[in-house]
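Just below is one structure, and these are the notes that go with it.
Just so it is clear, the structure is predicted and the values come from calculations on it, not from any experiment. Chain letters run A, B, ... following the sequence lines, proteins first and then strands; every chain starts at 1.
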2 protein chains.
Amino acid sequence: MDGNMLEQLIERYEMATFSVNRSLHVILRDRMPAQLTIEQYGVLRYIESRQLCHSSDLAEFMCVGKSAITAIVTRLVDKGLVGRKPDDRDRRIIWLYLTPEGKRMVADCKAAIGRMLAGYIGYFEEKEALGFIETYEKLAAVMAEDERRNRE
Amino acid sequence: MDGNMLEQLIERYEMATFSVNRSLHVILRDRMPAQLTIEQYGVLRYIESRQLCHSSDLAEFMCVGKSAITAIVTRLVDKGLVGRKPDDRDRRIIWLYLTPEGKRMVADCKAAIGRMLAGYIGYFEEKEALGFIETYEKLAAVMAEDERRNRE
DNA sequence: GTGATATAGTTCAATAATGAAACTGTATCA
DNA sequence: TGATACAGTTTCATTATTGAACTATATCAC
């Protein structure tokens with residue numbers, strides 16, 4: 001790939017990413033049920049995927065400090081969506097879990113997001129959509145690997 | 001496209017987007033010169049692209065309220081990167097522009113981001129990268145159109 | 001065993017982004 | 001000229017975030 005082409009691709013990628021992210025952010029913000037912020041939804045979604053997890057996992061996953069997680073989780077506990085439960089063996093560890101209300105909330109949000117994305121993905125041919133996702137996943141993997149390497 | 005395939009694509013897209021955005025965010029945060037936040041960089045970049053612009057343009061572009069822009073611009077003015085200049089004819093309007101330092105800062109950031117993206121895009125064949133970008137741009141257009149329609 | 005050290009999570013203070021509502025000044029229009 | 005529209009700011013409350021100090025608990029080396 002010659003330098004000029006690369007430069008153009010970078011420019012186009014920057015623009016497209018910025019635009020898609022901005023749109024997604026606005027759409028999510030507007031359609032997210034009941035004053036859930038996007039960060040809060042991310043935390044709920046992660047806990048759901050793990051059933052049980054601790055603050056440190058979340059901090060690693062969200063790429064923020066543990067004190068940021070404490071703040072978000074406290075708000076979710078106040079809303080009755082998440083519970084805290086100390087571990088029996090190692091009392092330093094506090095397990096986080098979704099309350100029944102929390103589970104219901106995640107299901108609602110997932111459905112709303114699914115409907116929205118289905119609308120967009122529906123615009124594309126299956127072949128184009130598949131190719132796109134595959135490249136996107138490769139990019140995600142390359143970036144994650146790079147990030148991991150940088151942390152060492 | 002059948003429902004099952006669609007559901008899988010949505011799941012994969014959600015994951016990939018989340019992962020790429022998180023990585024980009026961390027990488028930008030760490031490599032961005034001199035305590036510039038990503039929002040601040042977005043504002044600088046937009047002003048650069050327009051030479052002159054006002055708060056309202058920026059609010060529209062960033063999809064936030066005008067008071068959020070006032071706050072960000074004030075911080076950038078304090079840092080000496082942006083200037084404010086009232087319009088001669090319509091004194092309600094205040095033009096924003098980059099100071100020489102602001103221009104230098106944007107150039108530095110663009111170079112840093114370009115180097116980073118070049119590293120990632122370099123992993124792909126030209127054909128794959130081109131196809132990806134094209135689909136991404138289509139997606140951006142569809143989303144922007146939808147958003148525009150929703151605002152009406 | 002006991003003291004040093006590591007770990008999990010919280011608290012606190014500061015900075016930033018944001019929305020909403022009230023407000024200031026200016027322009028426009030009937 | 002008076003009502004209205006518009007551009008931008010101010011103020012206030014909420015949320016997210018970092019980083020440092022801190023608490024409580026576990027582990028490890030001697």
Side-chain angles (χ1 to χ4, degrees), chain A residues 18 21-22 25-32 34-44 46-47 50 52-79 81-97 151, chain B residues 21-22 25-26 28-30 32 34-47 50 52-79 81-97 151:
Chain A
F18 190 87
N21 280 344
R22 208 188 39 195
H25 198 270
V26 170
I27 294 165
L28 283 181
R29 194 181 55 196
D30 295 348
R31 304 202 189 168
M32 202 60 99
Q35 30 274 18
L36 265 195
T37 67
I38 291 167
E39 283 80 9
Q40 287 170 11
Y41 175 66
V43 166
L44 291 180
Y46 183 80
I47 298 177
R50 297 302 181 95
L52 279 178
C53 74
H54 10 137
S55 278
S56 306
D57 299 340
L58 268 168
E60 164 111 11
F61 175 68
M62 305 279 286
C63 297
V64 298
K66 288 185 298 176
S67 59
I69 299 298
T70 298
I72 296 178
V73 167
T74 298
R75 283 176 207 116
L76 292 172
V77 171
D78 290 346
K79 289 180 185 180
L81 303 175
V82 167
R84 286 183 166 112
K85 179 174 70 178
D87 186 274
D88 290 331
R89 306 225 196 114
D90 187 336
R91 311 262 313 269
R92 290 171 305 183
I93 295 176
I94 292 185
W95 293 101
L96 303 173
Y97 60 92
R151 259 208 310 279
Chain B
N21 280 345
R22 208 189 39 195
H25 197 271
V26 170
L28 283 181
R29 194 182 55 196
D30 294 348
M32 202 62 97
Q35 29 275 16
L36 266 194
T37 68
I38 290 165
E39 283 80 9
Q40 288 170 12
Y41 176 64
V43 167
L44 291 180
R45 195 84 159 70
Y46 183 80
I47 298 177
R50 297 303 180 94
L52 279 178
C53 73
H54 6 139
S55 279
S56 305
D57 300 340
L58 267 168
E60 163 112 10
F61 175 68
M62 304 279 287
C63 296
V64 298
K66 289 186 297 178
S67 59
I69 298 298
T70 299
I72 295 177
V73 167
T74 298
R75 282 178 206 114
L76 291 172
V77 171
D78 289 347
K79 289 181 184 180
L81 304 175
V82 168
R84 287 182 165 111
K85 178 174 67 178
D87 186 273
D88 290 333
R89 307 225 195 114
D90 186 338
R91 311 259 316 267
R92 291 172 304 184
I93 295 175
I94 293 185
W95 294 100
L96 303 174
Y97 59 92
R151 258 207 312 278

Spacing between A:Ile69 atom CD1 and C:dT11 atom C1', to the nearest angstrom: 16 Å
Nearest-Å distance for atom pair CD/C1', residues A:Gln35 and C:dA20: 14 Å
Passing option when B:Val64 is tested against B:Glu60, B:Met62, B:Lys66 for side-chain contact (heavy atoms from CB on, under 4.5 Å): B:Met62
Side chains of B:Gln35 and B:Lys79, donor plus acceptor under 3.5 Å: no
Side-chain donor/acceptor of B:Ser55 to base of D:dG8, under 3.5 Å: no
Distance, rounded to the nearest Å, where B:Arg75 contributes CZ and D:dT9 contributes P: 13 Å
Any A:Arg84 side-chain nitrogen or oxygen under 4.0 Å from OP1 or OP2 of C:dT10: yes
Pi-cation contact, A:Phe61 with B:Arg22 (under 6.0 Å, within 45°): yes
Whole-Å distance separating the CG atom of A:Leu36 from the C1' atom of D:dT15: 13 Å
From CA spacing to verdict: side chain to side chain contact (heavy atoms under 4.5 Å, CB included), B:Ile38, B:His25: CA-CA 8 Å; B:Ile38 290 165; B:His25 197 271; 3.5 Å; yes
Distance in angstrom units between A:Leu76 CG and C:dT10 P, rounded: 13 Å
Residue B:Ile72, side-chain heavy atoms: nucleotide from C:dT18, D:dT9, C:dA8 that is nearest: C:dT18
Salt-bridge criterion met for A:Asp87 and A:Arg89 (N-O under 4.0 Å): no
Polar contact flag, side-chain donor to acceptor under 3.5 angstrom, A:Arg84-A:Thr74: yes
Distance below 4.0 Å between B:Thr37 side-chain N/O and C:dA17 OP1 or OP2: yes
Near-ring test A:Tyr46/A:Tyr41, centroid separation under 6.0 angstrom: no
Whole angstrom value for the distance that separates P of C:dT7 from NZ of A:Lys66: 10 Å
Nucleotide of C:dA8, D:dT25, C:dA17 approaching B:Glu39 most closely (side-chain heavy atoms): C:dA17
What nitrogen or oxygen pairs link the protein and nucleotides 28-30 of chain C at under 3.5 Å?
none

Atom pair distance, as rounded to whole Å: CZ in A:Arg91 and P in D:dT25: 6 Å
Flag if over 12 foreign heavy atoms under 6.0 Å of CZ, B:Arg45: yes
Donor/acceptor link under 3.5 angstrom from B:Ser67 side chain onto base of C:dA20: yes
Interatomic distance, A:Ile38 CD1 vs C:dA17 P [rounded to whole Å]: 16 Å
Side-chain N or O of B:Thr74 closer than 4.0 Å to phosphate OP1/OP2 of D:dT9: no
Residue closer to the 5' end of DNA chain D, A:Ala68 versus A:Asp88 (nearest nucleotide): A:Ala68
Touch class at under 4.0 angstrom, heavy-atom based, for A:Thr70 against every strand present: base
Closest to side chain of A:Ile94, choosing from C:dG9, D:dT18, D:dT15: C:dG9
